[in-house]
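Encoded as C-alpha cells, the structure appears first; notes follow it.
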Amino acid sequence: MPATPAWPPKSAPRLFVDQQLAEGMTLSLDGPQAHYLSRVMRVGQGDAVILCDNRTGEWLAEVTAAGKRDVTLSLVRQQRPREAVPDFWLCPALLKKDRFDTVLEKATELGVAAIHPVVTHRCVADKLNPERARTIVTEAAEQCARTALPDVHEPVKLEAMLRDWPEDRLLFFADEEGGEPASEAFAFSKFPERGEGLHKAALLVGPEGGFDDAERGAIRSLAQARPISLGPRILRGETAALAGTTLWMGLAGDWADS
Ligand code: SAM
C-alpha cells in the first residue's frame with residue numbers, strides 16, 4: 001500500500017504577505033504573488049501554500065481557488081511562531097549595486113535582525129532602492145524559510161549614525177588596519193557577565209575604498225565601538241560583512257540553539 005504523501009509537501013511554496021494572519025482567515029492574493037502561485041508554481045484547488053506575515057509567524061494555507069489574476073486561500077493552522085531573531089544589526093557601507101544586493105540577500109539568510117546601510121566618504125554608491133531591497137530580502141527569507149524579515153533602513157551618513165548610536169548596543173568596527181580578533185570580541189557579546197554589559201551587537205564594514213583617517217578616528221572614539229580584525233587579508237566589503245556576520249551568528253547568535 002503506497003504511503004499517502006505527506007501534506008503539506010516540503011515543496012509547498014512560501015510567501016510573505018502584508019496582511020496579519022489569523023485563525024480561520026481567508027485571503028486573496030493578486031499581482032506578482034498570484035502570478036507566481038498560479039503560473040509558476042501552478043497551484044490548484046486543495047494545494048498547500050505556506051504564508052508568513054512577519055508578525056504572528058508561519059501559517060499553512062490551502063488554495064480554494066486559483067485564477068489567472070488572483071488566488072484565494074484559507075488558513076488551515078499556524079505552524080511556527082515568528083522566530084526569535086538574534087539582536088544583530090549589520091551596518092554595511094553602500095557598495096556597487098550587485099555587490100550590495102549580495103549583502104542584502106546573504107545577510108537575510110544568515111539571520112540578521114536589521115540592515116543599516118551607511119554612506120561614508122569613499123562610498124562609490126550613495127543611494128539604495130528601498131523597494132528593490134525589500135524584494136531581495138523577502139525572496140531570501142522565503143527561500144531560507146525564515147519567519148521574520150530583517151528591517152532594511154534608509155542609508156545614513158556615518159557621522160549621523162555615530163551621533164545617534166544607541167547607548168546599549170556594541171558596534172563592532174571591522175578595521176582592516178587592525179583590532180581585536182573577531183572571534184574573541186564576539187564571544188564577549190554572548191556572555192555579558194564577562195564584563196561586557198552590552199550584548200546587543202552591530203557590525204560596521206567599510207566600502208571598496210575603506211574608511212579615511214577622520215572616519216576611523218570618529219568610529220574609534222565612540223564608547224560602544226570595538227575595533228575587530230577579520231584576519232590578515234584585506235577582504236572585499238561584501239566578504240567582510242558576510243564573514244563577520246557568519247562568525248557572530250556562530251559565536252553569539254542562534255546557530256548554537258538550532
Ligand atoms: N582599506 C582597504 C584596502 O586597503 O584595500 C579597502 C577596504 S576593504 C575592501 C572594505 C572593508 O572591509 C574595510 O573598510 C573593512 O571594514 C573590511 N575589512 C576588509 N578586510 C578586513 C580585515 N582583515 N579585518 C577587518 N575588516 C576588514
Side-chain angles (χ1 to χ4, degrees), residues 86 88-128 133 136 150 152-166 169-190 196 198-253 255:
F88 178 84
W89 294 355
L90 177 59
C91 307
L94 281 178
L95 300 168
K96 286 192 191 108
K97 192 164 73 74
D98 54 345
R99 293 183 188 281
F100 202 77
D101 289 357
T102 301
V103 173
L104 290 170
E105 180 179 80
K106 301 310 172 195
T108 300
E109 293 174 57
L110 292 169
V112 304
I115 299 166
H116 289 262
V118 189
V119 181
T120 69
H121 297 160
R122 294 178 183 165
C123 274
V124 174
D126 62 356
K127 284 188 198 50
L128 179 70
I136 291 171
V152 181
H153 294 263
E154 285 287 305
V156 291
K157 286 192 182 310
L158 177 67
E159 294 77 7
M161 186 188 96
L162 297 175
R163 184 194 61 222
D164 302 336
W165 193 258
R169 188 175 294 272
L170 281 175
L171 177 60
F172 292 109
F173 161 40
D175 188 350
E176 68 277 23
E177 294 194 3
E180 186 181 5
S183 51
E184 289 169 22
F186 289 175
F188 263 116
S189 73
K190 176 87 176 180
E196 277 286 10
L198 302 169
H199 55 289
K200 291 182 177 181
L203 173 65
L204 171 62
V205 177
E208 293 88 346
F211 294 102
D212 65 26
D213 290 345
E215 290 172 329
R216 181 169 274 103
I219 299 164
R220 282 174 172 262
S221 62
L222 183 80
Q224 299 92 316
R226 299 290 181 278
I228 53 135
S229 165
L230 293 171
R233 287 166 286 280
I234 299 290
L235 309 175
R236 286 183 182 276
E238 64 273 27
T239 312
L242 300 176
T245 301
T246 300
L247 188 61
W248 190 91
M249 283 296 169
L251 288 172
W255 290 8

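Just follow the structure's listing: the first ligand is 1, and inside any ligand the first atom is 1. When reading the values below, keep in mind they use all heavy atoms of this one structure, side chains included, and skip hydrogens, waters and symmetry mates.
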Task: Under-4.0 Å salt bridge between Glu176 and Arg216 - done: yes

Task: Proximal candidate to atom 21 (C) of ligand 1 [heavy atom criterion; set Glu238, Glu176, Arg216] - done: Glu176

- [ ] Tell me which one of Ile219, Ile234, Leu95 gets a heavy atom nearest to atom 5 (O) of ligand 1.
- [x] Ile234

TODO: Answer whether the closest heavy-atom distance between the side chains of Leu162 and Leu171 falls below 4.5 Å.
DONE: yes

Task: Neighbour count >12 (heavy atoms, 6.0 Å) for atom CG, Asp213 - done: no

TODO: Measure the distance from atom 25 (C) of ligand 1 to every protein heavy atom, then report the residue, atom name and distance (to 0.1 Å) of the closest one.
DONE: Leu230 N, 3.3 Å

TODO: Flag Pro207 as yes when one of its N or O atoms lies below 3.5 Å from any N or O atom of ligand 1, and as no otherwise.
DONE: no

Task: Check: Leu204 N/O within less than 3.5 Å of ligand 1 N/O - done: no

Task: ligand 1 contact on Thr239 by region, counting heavy-atom pairs under 4.0 Å - done: neither

Open item on the list: Looking only at distances, can you tell me whether any N or O atom of Ala240, backbone or side chain, sits closer than 3.5 Å to an N or O atom of ligand 1?
Closed with: no

- [ ] Scan Phe88, Trp89, Phe186 and name whichever one has a ring-ring contact (aromatic ring centres under 6.0 Å, His included) with Phe172.
- [x] Phe186

Open item on the list: Nearest non-hydrogen contact with atom 6 (C) of ligand 1 belongs to which option: Glu215, Arg233, Glu177, Glu208?
Closed with: Glu208

Task: Sidechain-backbone polar pair: Glu180 side chain, Arg226 backbone, donor-acceptor under 3.5 Å - done: no

- [ ] Please state whether Ile228 comes within less than 4.0 angstrom of ligand 1, counting heavy atoms only.
- [x] yes

Task: Rounded distance (nearest 0.5 Å) linking atom CG of Asp175 with atom CZ of Arg220 - done: 4.5 Å

Open item on the list: Within the 4.5 Å heavy-atom criterion, are Trp165 and Cys91 side-chain neighbours or not?
Closed with: yes

Open item on the list: So Ile228 and Leu203, do their side chains get closer than 4.5 Å, heavy atoms only?
Closed with: yes

Task: Protein contact to atom 16 (O) of ligand 1 [nearest heavy atom, distance to 0.1 Å] - done: Ala174 O, 2.6 Å

Open item on the list: Within ligand 1, which atoms have a heavy atom of Asp175 less than 4.0 Å away?
Closed with: 24 (N), 25 (C), 26 (N)

Open item on the list: What I want to know is whether Gly231 and ligand 1 share at least one N or O pair that is separated by under 3.5 angstrom.
Closed with: yes

Open item on the list: With a 3.5 Å distance limit and no angle check, can you tell me whether Glu159 reaches the backbone of Ala218 through a side-chain donor-acceptor pair?
Closed with: no

Task: Closest approach of any protein heavy atom to atom 8 (S) of ligand 1, naming residue and atom - done: Leu235 O, 3.2 Å

Open item on the list: Counting only nitrogen or oxygen atoms and a 3.5 angstrom limit, does Arg236 reach ligand 1?
Closed with: no

Task: Gly206 N/O to ligand 1 N/O under 3.5 Å - done: yes

Task: Salt bridge flag under 4.0 Å for residues Asp212 and Arg122 - done: no

